[in-house]
Every structure is written in structure tokens, then in C-alpha cells.
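I have placed the structure first, in the form of C-alpha cells, so that the comments after it can refer back to it.
None of the values given here were measured: they were computed from a predicted structure. Ligands are counted one by one from 1 in listed order, and the atoms in each one are counted from 1 as well.
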Amino acid sequence: MNISIYNTMDRKIEPFIPLHGKSVGMYCCGPTVYNYAHIGNLRTYIFEDLLHRILTYAGYDLKHVMNVTDVGHLSDDGDEGEDKMERRSRESGMSVYDIAQMYTAAFFEDTDALNIITPDVACRATEHIDQMIALIKRLEENGHTYISGGNVYFSIDTFPEYGRLAKLNLDQLQSGARIEVDENKKNPKDFVLWFTKSKFENHAMMWDSPWGSGYPGWHIECSAMSMHYLGESFDIHCGGIDHVNVHHTNEIAQSEAATGKNWVKYWVHGEFLINETGKMSKSKGEFLTLSLLKEKGYEPLDYRYFCLGGHYRSQLVFSWKSLDAAKNGRKNLMKAVSGLPFDTSRTVESITDEDSLSYLEQFKDHISVDLHIPQALALLWTLVKDSTVSDEDKAVLIRDMDRIFALDLTVKQPEGDESDIPQEIHDLVEQRVQAKKDKNYPLADEVRAIVESKGYLIKDTKDGPIVSKKL
Ligand code: AMP
Ligand code: ZN
């Protein structure tokens, strides 16, 4: 199967030709672990998971690397504001290390629940400070840095190709700069590689370096860790679309200035999940988490199904109504496939029927050209409803397709599963969750009794309450 993918660098869909035959290196910018991931962040990891699955489906030997940012990410990507981890530590009274540990664990719980394959390497910034220092030294030796106000900066004027990915017009930027100019910077677009002094002096996490005790800037971690695990040039770099202008632009500058080589062949960016009022942002504090969705009676795979319905390069608008539609859609899909004979050991290679083979070919066409997952999902529905295809072929085809969708389509659903529970019961369960939050335990008990009187049971788990029908 030949893959093609939209490369942000060239703004067009290009055939995917890896640098080293069947081996593919892919780096994805990971979470900053100062808070829970919001469902917008999770949309990006779902899209990256789809790309991961498509590459392995196509037979590539993939090495997928993702960083975990546990130091150095300021509240503004362009060096303004304060370190997100430090701020959270001050607000919560927890140490930065405990915060990092807690939210890293929460992140992987969410991604597991969404059937997102854990990257082959998930590397923490704090465990790769040596690699970052070595890279900054290389940049220093090549004349790309300067020290000002105690910090080490990357000088973009020493890298004429700066802004290639974002198609930045640097002259325009200079004159119309809207950013608050850091007086230490020679050019407003220069960025910090290593902080020692200035307003960030009292940082909790500090490391010795040739420039004094301090900590790394955010961008350097991705260059240092990706090259450490994937080499100085690799195939794919992913992230959310917001990273094009600053983060990835700076990553390219420092990586290529250090090595003198082209760093990444394909840049793949996922569009944002937005809500009806606009952007969903973690730093603004207005965000929905997977746990909240679960509290409201949705399963993580309802959210995955919802995301599969939108192409990764289009914005996806979140609303409860559309999540309800996804939940129903998935429920109907699970029902429709539940009687199929998934237990055979047959694979798609054994299919001989022309119509069945045509489904397989169409599926491959959809997923191989720029991740057309919504079309692939529509095709799955057509197949499910097609009475001319035998149940045996359907089962084999659907099992194969689910290698990409990862909706657990072949997993037998428990009898009387949660999706059969009426809305009235979900509302009561939600009311009880709220009563418990308000520490109104008499009300919580009363609501539980009402639920039981209507023939349902509530079981409290660490992921929230589970409701089932009384036997
Ligand atoms: P962060 O943890 O803030 O560094 O973000 C993790 C990933 O989520 C990055 O790839 C971001 O580009 C991406 N991201 C942030 N907000 C959204 C959103 N609303 N929709 C989709 N992806 C997002
Ligand atoms: Zn990054």
C-alpha cells in the first residue's frame, strides 16, 4: 500500500517515501504535564495514533517517539510568561516532580482508554538535559547563539532559512511585531535555549551547565530528544497546527543550524478541536477532560468515534449534541456487528469474492491518501449494511478495518451494556455525582435509592460510577 500525506512544509499532498526503506522514524510533540489533557489535546493524539496505525498497516517498521514536557514550557510559546509547571506547583502546593508524575500517569490513562498505542519511546525532558546541553554547545560552536541578561539565545539572523515552515515574512514581522519585546533579544523572534537569570531565577528545577545553573528552553527538548532517538534526519514530525509558527519553526532552526542537514522530511499537523465559542485552551482553564465525559455517561470510545468523523486537517466543533450523535452511532455500529463470526482465524488474504475484495481496496484507498478516515468510516457503514456480502467476509473485513479505527468492534459487548440505560437514569447518576461533590451525602444516598427502585445498580469505581441493570 502506497501512502501519501499532506506535508505542511510544501503545503501539498506528497507520496510518502521514507529515508531508509521500510524503517520509519516519527516524532510527535507530547503533553506538557502540568494539568490533565483536554479533549482537544486528545484529538491530536488520536490523529497521530491513526497515522501510526496506517504506517504499520502498510507494513512499515515504525519507531514512534513522543516527548513528555516536564520542564521549561512557559505560558507563552515565545518565551513570555512563566513556566507552566512552576505556576501549577505554586498554585497547588505540590512539588513540580509530583505534578509531573501525577499528570503523566493521568495522560497515559486517557490515551489507553482511547486505544491510542503508546509510542515506542515516551521520553521525559528532565531525563535528557545532557543531550540538550550538548546541542546548545554545538549551536554555540557554530556561532548561532549569544548570551544576554544571563540567558543563552538562538540568533535567528544567523539562520537565513528561519520561518520556512510557517512561510513567515520576517521583514513584515519586524515592523509589525505585536509581541512584547524582551530587551535581551537582538531580534524579537530570537528564543531562549537556556535560562539562568532574569525573572525565572527562582526555578525549582535547575541543572548545572556551561552557562551556569539553570534550565532549558522549551523548543530545545524536541530537537535534542528526537535526534537522540531517531538520528539527525528522520521521516515524520507531527503536532497540533498551533505549533507551526513558533515551536516547530524554532525546532527546525536549532536542529538544522546544529547539523547543517535537512532535519525532517514530512511535517504533519492536526487541526484544532474547537467549541462553539472558539478555541479550547488548557492555559485559559476552560477545558473538557475525558474524565468529565465519563462522568457524564460517555465512554472514551464514543469520543474516539466522534473524532474519526472529522478529517484531521479540518477543525472539529465539539458540542454535546454531536457527542450524543457519536455515542448513538457507535452503539448502533456495535449492535450491527455483534452477531458476526469474528472468532475465525481467516485473514483478508483468504477473501476471494470480488465485492468483498472491492471493499478492501476502497478502504486502503481511503486510509492511504492523507488519512481519509471519515470516508473509511462511511465505507464501514456501507459494508455493515450490505446484505450481499457474506457474514464471514464481513467479519474478516471489519476485523481488518478495526486495526485502524481501534473501536473494539470485534470485542463482545456485555449484555445490557451501559448504552441501553435510559437517559433518566444517567441524569440521576449525574445528580448523585454532583451531590457527592457538594458533600451532600443524604441526597446522594436518596438518589441511589431512586435509581435502585427503578431497577438499576450503581457501582463506584476510581473512574467514576458504573450503572448496570439489576438481574
Ligand atoms: P500541550 O500539552 O499544551 O503542549 O499540547 C499537546 C498537543 O495538543 C499539541 O500537539 C498541541 O498542538 C495540541 N493541541 C492543543 N490544543 C488543541 C486543540 N484545541 N485541539 C487539538 N489539538 C490541540
Ligand atoms: Zn515539540
Salt-bridge present (E299, K294; N to O < 4.0 Å)
no
With ring pair (Phe, Tyr, Trp, His ring centres under 6.0 Å) as the test, pick out the partner of H219 among H243, H247, H248.
H247
With 2.8 Å as the limit, jot down which protein N, O or S atoms are around the Zn ion (ligand 2).
C29 SG, C222 SG, H247 NE2, E251 OE2
Any chance NZ of K22 has more than 12 other-residue heavy atoms, nucleotides or ligands included, within less than 6.0 Å?
yes
Can the ring centroids of Y103 and Y34 be said to lie less than 6.0 angstrom from one another?
no
Within the 6.0 Å centroid threshold, strictly below: Y298 and W320
yes
Could you list the atoms of ligand 1 found under 4.0 angstrom from a heavy atom of H38?
16 (N), 17 (C), 18 (C), 19 (N)
Is there a nitrogen or oxygen of T44 sitting under 3.5 Å from a nitrogen or oxygen of ligand 1?
yes
F154 and F159 aromatic ring geometry - parallel, tilted or perpendicular at 30°/60° bounds
perpendicular
Can you find an N or O of G40 that's nearer than 3.5 Å to an N or O of ligand 1?
yes
Non-hydrogen side-chain atoms of Y97 and D70 separated by less than 4.5 Å:
no
Just one of F47, Y45, F272, Y6 clears the ring pair (Phe, Tyr, Trp, His ring centres under 6.0 Å) bar with Y312, so which one?
F47
Can you name the atoms of ligand 1, numbered from 1 with element, that are less than 4.0 Å from a heavy atom of P31?
2 (O)
With only distance considered, is G240 within less than 3.5 Å of ligand 1 through an N or O on each side?
yes
Any nitrogen or oxygen of T32, main chain or side chain, under 3.5 Å from a nitrogen or oxygen of ligand 1?
yes
For residues 229-240, tabulate all N or O donor-acceptor pairs below 3.5 Å that involve a side-chain atom, not counting sequence neighbours.
{"residue": "Y229", "atom": "OH", "partner": "H128", "partner atom": "NE2", "Å": "2.7"}
{"residue": "E232", "atom": "OE1", "partner": "K261", "partner atom": "NZ", "Å": "2.7"}
{"residue": "E232", "atom": "OE2", "partner": "R138", "partner atom": "NH1", "Å": "3.1"}
{"residue": "E232", "atom": "OE2", "partner": "R138", "partner atom": "NH2", "Å": "3.1"}
{"residue": "S233", "atom": "OG", "partner": "N262", "partner atom": "O", "Å": "2.7"}
{"residue": "D235", "atom": "OD1", "partner": "L19", "partner atom": "N", "Å": "2.7"}
{"residue": "D235", "atom": "OD2", "partner": "G25", "partner atom": "N", "Å": "3.0"}
{"residue": "H237", "atom": "NE2", "partner": "E251", "partner atom": "OE1", "Å": "2.6"}

D242-ligand 1 polar pair, N/O distance under 3.5 Å
yes
Tell me whether R124 at atom CZ has more than 12 heavy atoms from other residues, nucleotides or ligands lying less than 6.0 Å away.
no
Does any N or O atom in L273 lie less than 3.5 angstrom from one in ligand 1, N or O only?
yes
With respect to atom 5 (O) of ligand 1, which of N41, I274, N67 exhibits the smallest heavy-atom separation?
N41
